[in-house]
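Here is the structure we will look at.
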Amino acid sequence: MSFMTSETGVIIVGAGESAGSLAFSLRQQGYSRPIVLIGDESHPPYRRPPLSKAFLAGEVSAESLYLRSADSYARQNIELRLGLGVEAIDRAARSVTLFDGEVLSYDRLVLATGGHARRLLLPGADHPNVHYVRTITDIERLKKEFLPGKRLVVVGGGYIGLEVAAIGIKKGLGVTVIESLPRVLARVTAPEVSAFYERVHSEQGVKLLTHTGVEAFDGDPRVTGVRLGGGAIVPADIVVVGIGLVPNVELATAAGLLVDNGIVVDALTRSSDENIFAIGDCANHENSFLGRRLRMESVASAVEQARICAAAICEKPAPRSGPPWFWSDQYDLKLQMVGISQGYEQLAIRGDINGRSFSAFYLHDGEIIAIDTVNRTGDFAVGKRLLAAHARAEVAQLADESFELKSLLPA
């Protein structure tokens with residue numbers, strides 16, 4: 001029996017990084033009523049970015065990914081309900097029904113339901129050696145097949161696909177990456193940066209097939225080859241599909257909340273129901289820094305939204321939004337990105353793009369709107385401050401390594 005039956009408080013649906021961050025942010029901001037966190041996985045909230053990096057490589061344990069220990073939740077009087085899902089929301093009664101039939105009442109409900117890996121609906125896509133990268137269970141299953149000499153085919157040339165490819169090379173697999181767009185990382189970076197990563201992966205032994213579609217997965221009961229649009233077949237022992245994420249909005253839709261590429265929320269993370277909030281990958285939010293609405297798949301953004309949501313529930317001033325940032329580890333390269341580069345007009349490269357350390361600055365109407373840095377943590381740290389200040393610059397200044405970037409910051 002849940003303690004929520006006698007006193008209502010906050011129910012958090014989902015157990016990802018935004019959910020775990022929210023629970024502790026509420027306590028830090030003085031929220032004293034009950035908090036129940038419900039997750040359909042058996043693990044407490046954990047960090048997902050290392051799944052396709054250190055965890056797949058076998059360098060860290062599952063427990064090391066946990067945001068906090070189970071004891072930490074107990075000490076903060078946060079009730080974890082793991083291995084359970086929510087079947088329905090009753091907005092009028094302010095309650096949720098769990099899959100086991102239990103009904104919990106809430107004062108405020110937060111949907112942090114995240115998303116699921118986009119599936120390929122092609123012949124053979126349901127075979128056991130076709131893998132996706134989203135959960136600890138997904139990676140534990142994949143690691144069993146990640147053996148030297150195996151032929152790995154990765155469908156998708158985004159962050160996830162390239163990270164998996166890099167680990168595959170490190171583990172001694174033969175790796176082919178298939179990307180339907182003309183270049184890798186096409187949605188997030190400039191052609192010059194894409195070309196750099198294509199060169200690096202090719203030098204490491206990855207076979208890259210860009211502007212190439214997949215028609216089917218041949219073989220039964222396991223995939224033995226990936227059939228391309230033109231009819232050619234790429235031999236495969238393992239297939240990993242990394243083609244994006246679909247937000248989990250089914251509960252919100254069934255409850256009649258406004259949904260449009262995610263659960264639509266305002267700058268305070270409140271949905272079309274004033275008692276229901278949404279944060280993280282499932283939320284299409286009004287971003288006060290960017291001045292527009294978007295759904296952002298970013299750990300930094302999810303944690304920021306958790307703090308904003310906690311402040312709103314506690315009726316405190318919302319913390320200021322900062323520029324979004326992202327990262328990707330491939331081989332010995334640390335890619336750190338801040339801002340959204342879409343719509344840029346000019347590009348400035350600082351450093352040698354043919355080497356292993358450089359930064360790419362994106363400008364729109366003279367303002368720095370995004371920065372990609374490779375093995376340049378100093379540029380990244382200053383870059384976050386430059387974007388937060390809406391700093392302006394000339395291409396020649398940014399490309400000149402003797403020019404002090406900090407001088408662009410307001411006095």
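As the structure is a computational prediction, the values presented were derived from the model and not from experiment.
A salt bridge between R81 and E102 is present, with a side-chain N of the basic residue lying under 4.0 Å from a carboxylate O of the acidic one. Between R199 and E203 there is a salt bridge, since at least one side-chain N of the basic residue sits less than 4.0 Å from a carboxylate O of the acidic one. A salt bridge between E215 and R227 is present, with a side-chain N of the basic residue lying under 4.0 Å from a carboxylate O of the acidic one. Salt bridge present: E401 and R376 bring a charged side-chain N and a carboxylate O closer than 4.0 Å. A salt bridge does not link R108 to E274: none of the charged nitrogens lies less than 4.0 Å from a carboxylate oxygen.
Between E163 and K53 the shortest side-chain heavy-atom distance falls below 4.5 Å. No side-chain heavy atom of D237 sits less than 4.5 Å from a side-chain heavy atom of N129. Side-chain atoms of I136 and Y46, non-hydrogen and from C-beta on, do get closer than 4.5 Å to each other. Between L251 and V13 there is a side-chain heavy-atom pair separated by less than 4.5 Å. Using a 4.5 Å heavy-atom threshold, the side chains of Q305 and H285 count as touching. I35 places a side-chain heavy atom less than 4.5 Å from the side chain of I12. At a threshold of 4.5 Å between non-hydrogen side-chain atoms, the residues F380 and W327 do not count as touching. Residues F277 and L111 have side chains not in contact (no heavy-atom distance under 4.5 Å, counting atoms from C-beta outward).
Taking CD1 from I340 and CG from L294, the interatomic distance works out to 6.5 Å, rounded to the nearest 0.5 Å. Taking CD1 of I167 as the reference point, atom CG of L152 lies at 11.0 Å (rounded to 0.5 Å). Distance check: Q76 CD to D71 CG gives 12.0 Å after rounding to the nearest 0.5 Å. One distance of note links CZ of R118 with CG of L120; it measures 10.0 Å at 0.5 Å rounding. Rounding to the nearest 0.5 Å places OH of Y132 at 10.0 Å from NE2 of H116. In this structure, the separation between OG1 on T212 and CG on L181 is 10.5 Å, given to the nearest 0.5 Å.
The side chain to side chain contact (heavy atoms under 4.5 Å, CB included) test with I11 is passed by exactly one of V96, D107, V86: V96. When each of N261, D281, D260, N287 is paired with R295, the side chain to side chain donor-acceptor pair (under 3.5 Å) condition holds for N261 and for no other.
If you check the side chains of H131 and D138, you find no donor sitting under 3.5 Å from an acceptor. Between the side chains of D273 and S271, no donor N or O sits under 3.5 Å from an acceptor N or O. In summary, the side chains of Y362 and D372 do present a donor paired with an acceptor at a separation below 3.5 Å, with no hydrogens or angles considered. Using modelled atom types and a 3.5 Å distance limit, the side chains of S359 and T373 yield no donor-acceptor pair. There is a side-chain donor-acceptor pair under 3.5 Å between S69 and S72. Looking only at atom types and distance, the side chain of Q204 has no donor-acceptor partner in the side chain of S202 under 3.5 Å away. For H211 and E179, the side-chain atoms include no donor-acceptor pair closer than 3.5 Å. No donor-acceptor contact under 3.5 angstrom links the side chains of T137 and E41, judged on distance only. When only modelled atom types and interatomic distance are considered, R356 and N375 share no side-chain donor-acceptor pair under 3.5 Å.
A pairwise comparison of heavy atoms in L56 and I139 identifies CA-CG2, 3.8 Å as the closest pair. Considering all non-hydrogen atoms of both residues, A112 and A19 come closest at CB-CB, 3.9 Å. Across all non-hydrogen atoms, the minimal contact from A302 to G280 is CB-CA, 4.1 Å. Nearest heavy-atom pair across S328 and Y159 is CB-CD2, 3.8 Å. Minimum heavy-atom separation, L347 to A360: CD1-CB, 4.0 Å. Here the closest non-hydrogen pair linking S52 and V133 is CB-CG1, 4.0 Å.
With K171 contributing its side chain and A57 its backbone, the two residues share a donor-acceptor pair below 3.5 Å. Looking only at distances, no side-chain donor or acceptor of E198 sits under 3.5 Å from a matching main-chain atom of R183. A donor-acceptor pair under 3.5 Å is formed between the side chain of R134 and the backbone N or O of G115. Judged purely by atom type and a 3.5 angstrom limit, R47 uses its side chain to pair as donor or acceptor with the backbone of S64. Within the 3.5 Å criterion, the main-chain N or O of R270 finds a donor-acceptor partner in the side chain of D266. A donor-acceptor distance shorter than 3.5 angstrom exists from the side chain of S298 to the backbone of W325, with no hydrogens or angles considered. At least one donor-acceptor pair under 3.5 Å links the side chain of R27 to the backbone N or O of Y31. Between the T113 side chain and the N248 main chain, a donor and an acceptor come within less than 3.5 Å of each other.
Checked against a 6.0 Å centroid threshold, the rings of H390 and F289 count as neighbours. For Y66 and H43, the gap between ring centers is short of 6.0 Å.
Other residues, nucleotides and ligands contribute more than 12 heavy atoms inside 6.0 Å of the CD atom of E192. Heavy-atom neighbours of R151 CZ from other residues, nucleotides or ligands within 6.0 Å: above the threshold of 12. Under a cut-off of 6.0 angstrom, the local environment of NZ in K143 is crowded, with over 12 non-hydrogen atoms contributed by other residues, nucleotides or ligands. Crowding of E394 atom CD: a count of heavy atoms from other residues, nucleotides or ligands under 6.0 Å not exceeding 12.
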**Request:** Applying side chain to side chain contact (heavy atoms under 4.5 Å, CB included), run through I276 and I263 and close with a yes or a no.
**Result:** CA-CA 10 Å; I276 301 178; I263 304 165; over 6 Å; no
**Request:** Evaluate the criterion side chain to side chain contact (heavy atoms under 4.5 Å, CB included) for residue pair V226 and D218; output intermediate values, then yes/no.
**Result:** CA-CA 6 Å; V226 178; D218 291 347; over 6 Å; no
**Message:** side chain to side chain contact (heavy atoms under 4.5 Å, CB included), that's the test. Do Y344 and D365 meet it? Break it down for me.
**Reply:** CA-CA 8 Å; Y344 76 94; D365 194 24; over 6 Å; no
**Request:** Would you check, one step at a time, whether the test salt bridge (Lys or Arg N to Asp or Glu O under 4.0 Å) holds for R293 with E286?
**Result:** CA-CA 4 Å; R293 173 175 297 287; E286 190 67 41; 3.5 Å; yes
**Request:** Please lay out, stage by stage, how I38 and L98 fare under the test side chain to side chain contact (heavy atoms under 4.5 Å, CB included).
**Result:** CA-CA 9 Å; I38 303 169; L98 307 184; 3.7 Å; yes
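Ring orientation note: the planes of H201 and Y197 are tilted relative to one another, at an angle of 30° to 60°.
A cation-pi contact links R68 to F24, judged by a cut-off of 6.0 Å to the six-membered ring centre and 45° from its axis.
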